[in-house]
Amino acid sequence: MHPAISSLELVEPRSLKHALEVMRDGQPIVPLAGCTDVYVLLNAGTRPGTRFLNLWGLDALRGITVNGTVLSIGALTTFSDLIRSPLVRRRLPSLVAAAREVGAVQIQNRGTIGGNIANASPAGDTLPVLAAVDAVLVLRSASGVRRVPFHEFYTGYRASVRRPDELIAAVEVAPVAGRQYFRKVGTRAAQAISKVVIAAVRAPKPRIAFGSVAPTVVRVPQTEDILASGGSLDEATAALLTEIHPIDDIRSTAAYRRRVACNLLRAFWNETA
């Protein structure tokens with residue numbers, strides 16, 4: 001059943017400082033960015049909360065810059081912003097490829113990279129890219145800033161180390177050496193949630209991440225080590241099958257996902273040789 005609008009509270013912060021003070025007050029509140037997922041939940045009657053913090057107007061959380069050698073992407077950067085950015089296209093083409101796979105243009109215009117991270121879906125299109133390039137998340141609270149390696153952020157299905165008083169402020173990525181790769185397999189080419197998604201970097205020590213094959217996006221270190229040491233693709237795919245744990249759901253079967261994951265690994269390795 002849809003919640004009555006009158007039962008919901010929307011807080012419009014005047015500044016990032018004000019938003020962080022609201023987060024600090026101890027009352028449960030759900031940060032909102034593009035709202036592309038929240039609208040779906042509300043329409044389905046799955047109310048994610050009753051108090052919402054509208055971050056959309058906070059320009060302090062927007063922007064794509066380079067600090068030293070590190071690429072910094074503000075949390076409110078939309079998927080359209082990523083696609084249009086010459087800086088991101090040059091340094092993170094795999095992130096641009098992932099952004100192009102997020103819904104339709106309307107969704108790309110509203111959906112944000114910070115929202116994609118906070119939503120914590122194992123099927124999030126940009127998340128395997130951030131895992132493969134060893135991104136770092138910048139979390140801000142009224143008491144300060146802390147940086148968390150992306151691979152340490154998620155603790156389980158839709159669970160993370162973000163505290164209730166913290167906002168995801170930005171994503172930082174050091175220069176990536178090696179050829180980047182991204183591929184998503186879904187029911188159709190557009191506006192479909194992934195059945196399996198891979199992002200990887202072909203380097204002397206390859207970095208490989210998968211989505212939709214476990215409760216969170218996962219790196220596959222044993223598979224990476226086998227390929228780095230000159231092992232065969234058969235050995236690598238055997239290791240991969242021990243490192244992923246797909247499930248049967250409405251979009252696919254676990255058996256299909258295992259097979260597709262192995263095919264994607266082979267495609268990555270052969271196409272980036």
_With a 4.0 Å cut-off on N to O distance, would you call Asp249 and Lys195 a salt bridge?_
no
*Main-chain N/O of Ile73 paired to Thr77 side chain as donor or acceptor, under 3.5 Å*: no
*Looking only at heavy atoms, what is the nearest atom pair of Asp125 and Pro128, with distance?*
O-CD, 3.5 Å
*State, yes or no, whether a side-chain contact exists between Leu227 and Leu233 at a heavy-atom distance under 4.5 Å.*
yes
_Would you say Leu87 ends up clustered with Val173 if hydrophobic residues are merged whenever their side chains have heavy atoms under 4.5 Å apart, either directly or through other cluster members?_
yes
*For the pair Asp248 (side chain) and Ala254 (backbone), establish whether a donor and an acceptor sit closer than 3.5 Å, ignoring hydrogens and angles.*
yes
*asked:* Between Ile29 and Val22, does the side chain to side chain contact (heavy atoms under 4.5 Å, CB included) criterion hold? Intermediate values first, please.
replied: CA-CA 8 Å; Ile29 195 163; Val22 173; 3.7 Å; yes
*asked:* When you measure from the side chain of Gln180 to the backbone of Arg91, do you find a donor-acceptor pair of N or O atoms at a distance under 3.5 Å?
replied: yes
*Heavy atoms, side chains only, cut-off 4.5 Å: are Pro164 and Met23 in contact?*
no
*asked:* What verdict does the side chain to side chain contact (heavy atoms under 4.5 Å, CB included) test give for Ile83 and Arg100, after you've listed the backbone C-alpha separation in whole Å, the side-chain angles of each residue and the deciding distance to 0.1 Å?
replied: CA-CA 7 Å; Ile83 294 167; Arg100 292 184 189 280; 3.5 Å; yes
*Over all heavy atoms of both residues, which pair between Pro13 and His18 is shortest? Give the atoms and the distance, please.*
CA-ND1, 3.3 Å
*Arg179 side chain to Glu271 main-chain N or O, any donor-acceptor pair under 3.5 Å?*
yes
*asked:* So does Thr112 get a backbone contact from the side chain of Asn116, meaning a donor-acceptor N/O pair under 3.5 Å?
replied: no
*When clusters are formed by joining ILVMFWY residues with side-chain heavy atoms under 4.5 Å apart, either directly or through shared neighbours, do Leu55 and Val138 land in the same one?*
no
_Spatial distance of atom CG (Asp81) from atom CG (Leu76) [nearest 0.5 Å]_ = 9.5 Å
*Heavy-atom distance under 4.5 Å between the side chains of Arg140 and Arg146, does that happen here?*
no
*Start with the C-alpha gap between Leu167 and Leu16, add the side-chain angles, then the distance that decides, and say whether side chain to side chain contact (heavy atoms under 4.5 Å, CB included) holds.*
CA-CA 10 Å; Leu167 290 174; Leu16 177 57; 4.1 Å; yes
_Would a single hydrophobic cluster contain both Val145 and Leu61, if residues Ile, Leu, Val, Met, Phe, Trp and Tyr are joined by side-chain heavy-atom contacts under 4.5 Å?_
no
*How many angstroms lie between atom CG of Leu139 and atom CZ of Arg162, to the nearest 0.5 angstrom?*
8.5 Å
*Any idea how Phe150 and Phe153 line up, ring-wise: parallel (<30°), tilted (30 to 60°), or perpendicular (>60°)?*
parallel
*What's the shortest heavy-atom distance between Leu58 and Ala19, and which atoms?*
CD1-CB, 3.9 Å
*Between Ile113 and Gly74, which heavy-atom pair has the shortest distance, and what is it?*
CG2-O, 3.6 Å
_Can you tell me how far apart OG1 (Thr216) and CG (Leu127) are? Round to the nearest 0.5 Å._
9.5 Å
*Can Lys205 and Glu224 be counted as an ion pair, charged N to O under 4.0 angstrom?*
yes
*Can any side-chain N or O of Glu166 pair as donor or acceptor with the backbone N or O of Arg163 at less than 3.5 Å?*
yes
*Answer yes or no: is there a side-chain heavy-atom contact under 4.5 Å between Val197 and Val185?*
no
*Examine Leu95 and Ile198 and state if one hydrophobic cluster contains both, with Ile, Leu, Val, Met, Phe, Trp and Tyr joined whenever side-chain heavy atoms are less than 4.5 Å apart.*
no
*Just by distance, do the side chain of Arg257 and the backbone of Ile247 share a donor-acceptor pair under 3.5 Å?*
yes
_Can you confirm whether Ile193 is buried at CD1, in the sense that more than 12 heavy atoms of other residues, nucleotides or ligands lie under 6.0 Å from that atom?_
no
*Between the side chains of Thr223 and Glu243, does any donor sit under 3.5 Å from an acceptor?*
yes
*Any side-chain donor-acceptor pair under 3.5 Å between Ser212 and Ser194?*
yes
_Gln222 side, atom CD; Leu240 side, atom CG - distance, nearest 0.5 Å_ = 10.0 Å
*Under a 4.5 Å cut-off applied to non-hydrogen side-chain atoms, are Arg219 and Phe210 in contact?*
no
*Would you check if there is a donor-acceptor pair between the side chains of Ser80 and Asn109 at a distance under 3.5 Å?*
yes
*Counting N and O atoms only, with roles assigned by atom type, does the side chain of Arg89 sit under 3.5 Å from a partner on the main chain of Arg84, one being a donor and the other an acceptor?*
yes
*If every non-hydrogen atom of Ala239 is compared with every non-hydrogen atom of Ile226, which pair is closest and at what distance?*
CB-CD1, 3.5 Å
*Answer whether the closest heavy-atom distance between the side chains of Leu32 and Trp56 falls below 4.5 Å.*
no
*Test side chain to side chain contact (heavy atoms under 4.5 Å, CB included) on Glu9 and Thr50 and set out the steps.*
CA-CA 6 Å; Glu9 178 187 356; Thr50 58; over 6 Å; no
*Would you check if Val201 and Tyr181 make a side-chain contact, meaning some heavy-atom pair closer than 4.5 Å?*
no
*Taking only Lys NZ, Arg NE, NH1 and NH2, and the carboxylate oxygens of Asp or Glu, determine whether Glu172 and Arg147 approach each other closer than 4.0 Å.*
yes
*In Å and rounded to the nearest 0.5 Å, what is the CZ to CH2 distance from Arg202 to Trp269?*
3.5 Å
_Side-chain donor or acceptor of Tyr154 paired with backbone N/O of Ile117 under 3.5 Å_ = yes
*Closest approach of Pro122 and Ala214, non-hydrogen atoms and distance?*
CB-O, 3.3 Å
*Min side-chain heavy-atom separation Phe182-Val129 under 4.5 Å*: yes
*Roughly how far, to the nearest 0.5 Å, is CG of Leu71 from CZ of Arg90?*
9.5 Å
*Ser85 side chain to Leu82 main-chain N or O, any donor-acceptor pair under 3.5 Å?*
no
*Decide if atom CZ of Arg259 counts as having more than 12 heavy atoms of other residues, nucleotides or ligands within a radius under 6.0 Å.*
no
*Does any donor atom in the side chain of Ser141 or Ser143 lie under 3.5 Å from an acceptor atom in the other side chain?*
yes
_Same apolar cluster: Val176 and Val66, side chain cutoff 4.5 Å_ = yes
